[in-house]
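So you know, we letter chains A, B, ... as the sequences are listed, proteins then strands, and number each from 1. The structure displayed is predicted, hence computed values, not measured ones. In what follows, every heavy atom counts, from backbone to side chain, and hydrogens, waters and symmetry copies are set aside.
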2 protein chains.
Amino acid sequence: MSVQQVKLTDAEWQVMECLWAGDPMSGREVTQALEPKTGWSRSTILTLLSRLEAKGAVAGNSEGGKKLFSPLLGREDAALQETETFLDKVYHGSLSLMVSALTQRQALSPEEIRQLHQLLDGLEGGNRP
Amino acid sequence: MSVQQVKLTDAEWQVMECLWAGDPMSGREVTQALEPKTGWSRSTILTLLSRLEAKGAVAGNSEGGKKLFSPLLGREDAALQETETFLDKVYHGSLSLMVSALTQRQALSPEEIRQLHQLLDGLEGGNRP
DNA sequence: ATGCTGTGATTACAGATGTAGACAAAAAGG
DNA sequence: CCTTTTTGTCTACATCTGTAATCACAGCAT
C-alpha cells in the first residue's frame with residue numbers, strides 16, 4: 001500500500017524531485033543538483049533530507065561512512081495524493097470541473113487539448129473489451 | 001487585472017469559500033456557516049478574516065457599526081492561480097500529464113471520463129469556425 | 001445611567017516551514 | 001600520523017499557520 005499520507009512541503013518536494021530523478025544520491029549530489037534552481041545551502045538540503053527521512057518519505061543508507069538517500073515514497077504516489085487533495089479543495093474533487101474552469105479561461109493551449117483528446121480516446125479503446 | 005498573487009492557506013480557503021457562496025457576510029455569519037464543517041471558534045474566523053483583509057483578498061465594510069466582509073479575490077481567479085501552481089509543481093505544468101497519471105491509477109470514475117469527453121467535444125465544436 | 005450582549009481588534013502561542021550556522025566524526029591527502 | 005576536506009547531526013531562528021482567549025466598545029434592555 002506504499003507510504004501513507006505523507007505531506008510534502010514545497011521545499012521538500014523539490015528535494016524529492018531530485019531523488020526521483022537519480023535514485024540513490026548523497027547529500028552533496030542533491031545539493032549540487034538543486035544549487036542552480038534554488039541556491040540553497042548544503043545545510044538546508046541536509047535538513048530537508050532529515051525531515052523527509054523522519055516522515056518516512058526517503059530512506060538513508062549509511063553503509064561505509066557515506067550516506068545515500070533514496071525515495072521510499074514513489075513519485076506516482078506522491079503526485080496522486082497531492083492531486084486528490086488539490087482537486088478536493090479547489091474543485092470539490094471533480095476533474096471535469098477543473099478542466100472546465102481552465103477552458104473557460106482559455107488557459108489551455110490547443111496542443112494540450114489535442115493531447116487530452118488523444119488520451120481519452122485511447123482510454124475508451126482500452127476499456128472496451 | 002484582479003488581485004495579484006495572493007496565496008491562500010487551507011484554512012483561509014474555507015473562509016473564502018464561504019464568502020464566495022453568500023457575498024457580504026458578517027463575521028458571525030461566516031462563523032455559523034463554518035461551524036458544522038470546522039468547529040472553529042468565532043475568534044479563529046475573525047483572525048482568518050483579518051489576515052485575508054491584510055492580504056487584500058477580502059474587503060471589510062464597517063458601515064454603521066457592524067462590519068461586512070466581501071471577497072475581493074474572485075473564486076475563478078483564486079482557483080486558476082492555485083491550479084497553475086499545482087500543475088507546475090506536480091506535473092510540470094501539463095494538464096494531460098495529470099490526467100494521464102489519474103487514468104493510469106484508475107482514479108477516474110467512468111462518469112468523470114464521460115463528462116470530460118463531453119467537455120472536450122463541446123470545445124471542439126466551439127473552436128471550429 | 002447601567003449593566004448585559006454581540007462584535008471586531010489585539011494578543012498569544014504551539015507547531016510547521018524555510019533557511020542556515022556550528023560542531024563532530026570520518027575520509028582523504030601527504 | 002596529522003592536517004585538510006567532506007559530510008552528517010544538532011541547534012537556531014524568523015516567519016507562517018492554525019487556533020483561540022481576552023479586551024474593548026457599541027447598542028439594547030432595564
Within the 4.0 Å heavy-atom criterion, would you say B/T9 contacts the bases, only the backbone, or no part of the nucleic acid? sugar-phosphate
If you only use heavy atoms from C-beta on, which nucleotide in [options] is closest to the side chain of [X]?
{"X": "B/K67", "options": "D/dA20, C/dG8, C/dT19", "answer": "C/dG8"}
{"X": "B/D10", "options": "C/dA20, D/dG18, C/dG8", "answer": "D/dG18"}
{"X": "B/S41", "options": "D/dA20, C/dA12, D/dT9", "answer": "D/dA20"}
{"X": "A/L46", "options": "D/dT17, C/dG8, D/dT9", "answer": "D/dT9"}
{"X": "A/R51", "options": "D/dA12, D/dG18, C/dA22", "answer": "D/dA12"}
{"X": "A/T47", "options": "D/dT17, C/dG8, C/dT19", "answer": "C/dT19"}
{"X": "A/K66", "options": "C/dA12, C/dG18, C/dA27", "answer": "C/dA27"}

Five pairs at each end of the helix from C/dA1-D/dT30 to C/dG30-D/dC1: take the axis at both ends and give me the angle between them to 10°. 10°
Taking [atom1] from [X] and [atom2] from [N], how many angstroms apart are they, rounded to a whole number?
{"X": "A/I45", "N": "D/dT9", "atom1": "CD1", "atom2": "C1'", "answer": "16 Å"}
{"X": "B/L48", "N": "D/dC16", "atom1": "CG", "atom2": "P", "answer": "15 Å"}
{"X": "A/W40", "N": "C/dT17", "atom1": "CH2", "atom2": "P", "answer": "13 Å"}
{"X": "B/F69", "N": "C/dA9", "atom1": "CZ", "atom2": "P", "answer": "6 Å"}
{"X": "B/K7", "N": "D/dC16", "atom1": "NZ", "atom2": "P", "answer": "13 Å"}
{"X": "B/R42", "N": "D/dT22", "atom1": "CZ", "atom2": "P", "answer": "13 Å"}

With the threshold set at under 4.0 Å for non-hydrogen atoms, list the residues of residues 12-38 of chain B touching DNA chain D in residue-number order. none
Could you please spell out the steps behind the side-chain contact (heavy atoms from CB on, under 4.5 Å) verdict for B/M25 and B/L68? CA-CA 5 Å; B/M25 287 179 102; B/L68 290 182; 5.9 Å; no
Tell me if a side-chain donor or acceptor on A/Q14 pairs with a main-chain N or O of A/A11 at a distance below 3.5 Å. no
Return yes if some donor-acceptor pair links the side-chain N/O of B/Q104 with the main-chain N/O of B/A101 below 3.5 Å, else return no. no
Whether B/W20 and B/W13 hold their rings parallel, tilted or perpendicular, with breakpoints at 30° and 60°: perpendicular
Minimum heavy-atom distance A/L102-B/L80, with the two atoms named: CD2-CD1, 3.5 Å
Search all heavy atoms of A/E17 against all heavy atoms of A/R75 and return the closest pair with its distance. OE2-NE, 2.7 Å
Establish whether the base of C/dG21 is bridged to the side chain of A/S43 by a donor-acceptor pair shorter than 3.5 Å. yes
Between the side chains of A/Y91 and B/T83, does any donor sit under 3.5 Å from an acceptor? yes
Just by distance, with hydrogens left out, do B/T44 and B/S41 show a side-chain donor and acceptor under 3.5 Å apart? yes
Quick one: does B/P71's side chain get under 4.5 Å of B/D23's, heavy atoms only? yes
Test side chain to side chain donor-acceptor pair (under 3.5 Å), reference B/E12, set B/K7, B/K55, B/R51, output is B/K55
